[in-house]
Structures are given as structure tokens and as C-alpha cells.
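Here's the structure we're looking at; comments come further down.
Whatever order the structure lists ligands and atoms in, that order sets their numbers, starting from 1. Positions are given from 1, in the same order as the sequence printed here.
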Amino acid sequence: MSAKSPPSCLAVPVVLLAFCLVGPTAHADDIERGRYLVEALTACDNCHTPRGPAGYDLSSRWSGGAQTFSDKSYVVRGPNISPDRETGVGAWTDEELRAAIVDGVGRDGRLAPVMPSDSYKPLTARDLDAIIAFLRSATPIHAPLQSPQQRSGEWTPRLMPGAAATFDEASLADKNTRGLYVASLARCLSCHSEEIDGAPDYQSRLGAGGKTFRNAAGVVVASNITSHSVKGVGAWSDDDLKRAITHGVARDGALLKPPMSTLSKAHFSKMSPEDLDALVAWLRTIPPKE
Ligand code: HEC
Ligand code: HEC
């Protein structure tokens, strides 16, 4: 990973020193917060960064995802979201980027629901801007989309109860609220809730599992992560749960399959202890379901 070092303040004329000490420091904090959110929780690379044999190809970060997602009403890929002005989002305003990230609206209309803006909806104003600051700090990569996106549908947002609007910063001091925030940004329940009509049924099947993935590991079904003591994770210890989330290891020690294992390794392993604690506490509040 090529971590960019902050600009050196050593060679700056004295008149600029005050700005150098205050301005860029605050900005660097935003970028670091954005990096944390993106790398530990929102996993934007998953769909917007090409992959090499060893995982994400960070030398062409944000230049567009490798997978094509298709459904009855769309055929799309994660587009170039690097700061390139011509083929990426370098010429987009912050307002346009906010609309894409939390409202699922691109420059030419509603984005296909593969772009998980429903899960990003609760982002606090500060965290949303931090993600944008982090994206803008990347290297611009010139890479046009291979083929145009096709969409022919209207998608109603499927927002998770309690996480359907912007959170305010102060509310995150409450552990359960923070856990719900983390769960939404990390899209846990969008995979772990059973679907109706191709979208998670948060009302009656929250956490009950059932979404099915077909990949190199075969047919993989998202598990029941409600607090049911037999069907769900109600009997698991906090440490069992944390290990599953951050290391992709099941309670019996078996390795979990993709996409859970890949998300654990590339992203959830980077979760802060506070966020992980809050997430586990909130997961325990999901009512048991068979
Ligand atoms: C599960 C896959 C997935 C994840 C994760 C994801 N995106 Fe997307 N994103 C897409 C797809 C697919 C599109 C294009 C949808 C379309 O064209 O209808 C898109 C579109 C966008 C657009 C509009 C770009 C354009 O040229 O129209 C932006 C901006 C964007 N995503 C930013 C992000 C950010 C920032 C994150 C993380 C916070 C993120 N995405 C996470 C799949 C994803
Ligand atoms: C892209 C979809 C996806 C996302 C996002 C996702 N999971 Fe998973 N998860 C799965 C699948 C699929 C499995 C089953 C893996 C297997 O069978 O080996 C799984 C397995 C698990 C397990 C193991 C349960 C058991 O009974 O073995 C736990 C716990 C878990 N996930 C929690 C979470 C949490 C918490 C989050 C959010 C931080 C999350 N998952 C995000 C798809 C996902």
C-alpha cells in the first residue's frame, strides 16, 4: 500500500507557517478518518478498484471495478471514482459526490442499487466529507469505462429501520447507536437479511440470513446472525463474534467462505476496538428469528 506522506512543512516560508500548522493538519485528520471509514467499513474498493493476484491493485486504485453486476434491469460496473477529471470524478462537485454516495443519484439519474448508498445513508456530515476528502487525495487514473452502464428501472431505496437518515456526530457516543451505524456502513444486514423481490426484507427478516452467493467457493448462503440461540449467534461469545467478523473464522474454527472471508480480511480486520465492541453489542439486540 502506498501511504502518501503529508507535505513537509520544513521548507515553507514563515508567513505560511501558521497555515501549515493548522490548515493542513485538520485536513490530514479528515483524510485519515476517510481512509478508516473506507478501508474498515464501507469497502468502496470492493467494486471500484481492480484486483490483482494478491488482492486489490492499489496502484490503480479507484479506476473501476473488475466485476460486472447484472440483473433484469441493469448491467453495471463500479465506475472510475479516482480524481481524474475526464474519466473519474475529479470534476464532480462535493454536492454531486454526496448525492451519489448517500442518495444513489449520479450525474445522469438514479444509480443501479448495486451502489449501496442505502447502507451509507446514515453517514454523518463530517464522515461523508471525510470520505470525499480521502477520495480526492488519491492519484488520478485515466481509465474510461469499458462499456456503458445500462439501466432501465426505478429502484425504491431500501433503508434499514433506525438508519434511514443522517446521524449526528453526538449520537455516536451511545454504544448501540454507534453499533447500528457501523453495521449499516459495513452493509452487514444488507447481506444477512433474507430478500424479497431482490432486496433485503428489513421489516420481518432482519438478520435472518438467506441471501445466496454463487462464487468460486460454490453456493454460499449468508448466515442467520440474529440473537436466536440455535439458528443465530445468540449462544456465541463476544470473542467468537469478533473473530468471525475480523478473521473470517466460524465458531467451530472453520474458515468462512467469500464474500464474508474476503471482506473480513481486506476490511473488517481494520475495525477499531470501539467500533467492533459497539457492533457486537448492537448485533445482540437483533430479535431472534428462525
Ligand atoms: C457493491 C459494490 C459497490 C460498492 C461497495 C460501492 N460502489 Fe459506488 N458504485 C457501484 C456501481 C455498480 C456504480 C454504478 C451504478 C450505475 O451506473 O448505475 C457505482 C457508482 C458510484 C458513483 C457514481 C460514479 C459515476 O461515474 O456515475 C460514485 C461517486 C460512487 N459509486 C462512489 C462510491 C463510494 C465513495 C463508495 C464507498 C463509500 C462506493 N461507491 C461503494 C458499486 C459500488
Ligand atoms: C457481501 C455480503 C456480506 C456482508 C457485507 C457481510 N457478511 Fe457476514 N457472511 C456472509 C456470508 C455469505 C456468510 C456465510 C459464510 C460461510 O458460509 O462460510 C457470512 C458469515 C458471517 C458470520 C458467521 C456466522 C455463522 O453462523 O457461521 C458472521 C458472524 C457474520 N457473517 C457477521 C457479519 C457482520 C457483523 C457483518 C458486517 C460487519 C457482515 N457479516 C457482513 C455475507 C456477508
Side-chain angles (χ1 to χ4, degrees), residues 34 37-49 62 64-65 67-70 73-82 87-89 92 96-102 104-117 119-120 123 127-128 131-132 134-135 145 148-151 153 155 179 182-193 200 207 209-213 215 217-225 231-233 235-236 240-246 248-252 254-264 267-268 271 275-276 279-280 282-283 286:
L37 290 163
V38 161
E39 295 188 346
L41 306 179
T42 61
C44 319
D45 288 289
N46 206 31
C47 306
H48 289 284
T49 294
W62 312 130
Q67 319 96 296
T68 300
F69 300 90
S70 54
S73 52
Y74 56 78
V75 182
V76 291
R77 267 178 185 227
N80 182 338
I81 57 166
S82 81
T87 60
V89 296
W92 290 39
E96 287 175 312
L97 284 172
R98 290 188 196 108
I101 299 169
V102 296
V105 177
R107 274 188 161 175
D108 49 356
R110 181 154 284 285
L111 299 166
V114 181
M115 168 61 196
S117 28
S119 301
Y120 304 148
L123 275 168
D127 281 352
L128 179 53
I131 289 178
I132 292 172
F134 177 58
L135 283 182
L145 262 181
Q149 315 283 68
Q150 294 169 31
R151 307 169 212 112
W155 302 279
V182 168
S184 187
L185 300 188
R187 296 183 285 136
C188 313
L189 280 303
S190 83
C191 282
H192 283 279
S193 302
K211 186 176 164 121
T212 302
F213 299 84
N215 54 37
V219 177
V220 187
V221 180
S223 333
N224 182 327
I225 56 166
K231 299 283 171 67
V233 295
W236 294 36
D240 290 340
L241 269 171
K242 288 180 182 173
R243 188 175 68 157
I245 296 166
T246 58
V249 174
R251 196 180 182 210
D252 63 5
L255 291 180
L256 295 170
K257 301 191 179 95
M260 187 66 202
S261 53
T262 32
L263 285 169
S264 295
H267 299 286
F268 304 153
M271 245 185 242
D275 280 354
L276 189 56
L279 172 62
V280 166
W282 180 77
L283 286 176
I286 305 178

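Ligand 1 has a nitrogen or oxygen under 3.5 angstrom from a nitrogen or oxygen of A112. In terms of polar-atom proximity, H48 is counted as a contact of ligand 1, with an N or O under 3.5 Å from an N or O of the ligand. The shortest N or O to N or O distance between R187 and ligand 2 is not below 3.5 Å.
Residue H192 approaches atom 8 (Fe) of ligand 2 most closely through its N/O/S atom NE2.
The shortest contact between atom 2 (C) of ligand 2 and any protein heavy atom is with C191 SG, 1.9 Å. Ranking the protein heavy atoms by distance from atom 27 (O) of ligand 2 puts W236 CH2, 3.6 Å first. Of all protein heavy atoms, the one closest to atom 17 (O) of ligand 2 is V220 CG1, 3.8 Å. Looking at atom 28 (C) of ligand 2, its nearest protein heavy atom turns out to be I225 CG2, 3.8 Å. Ranking protein heavy atoms by distance to atom 36 (C) of ligand 2, first place goes to C188 SG, 2.8 Å. Protein heavy atom at the shortest distance from atom 11 (C) of ligand 2 is A222 CA, 3.6 Å.
Atom 8 (Fe) of ligand 2 has no N, O or S atom of S223 inside 2.8 Å of it. Look at M115 and atom 8 (Fe) of ligand 1: an N/O/S atom of the residue is under 2.8 Å from the metal.
Ligand 2 is approached by P259 to a heavy-atom distance shorter than 4.0 Å. Contact between V221 and ligand 2 is present, with at least one heavy atom of the residue lying under 4.0 Å from the ligand.
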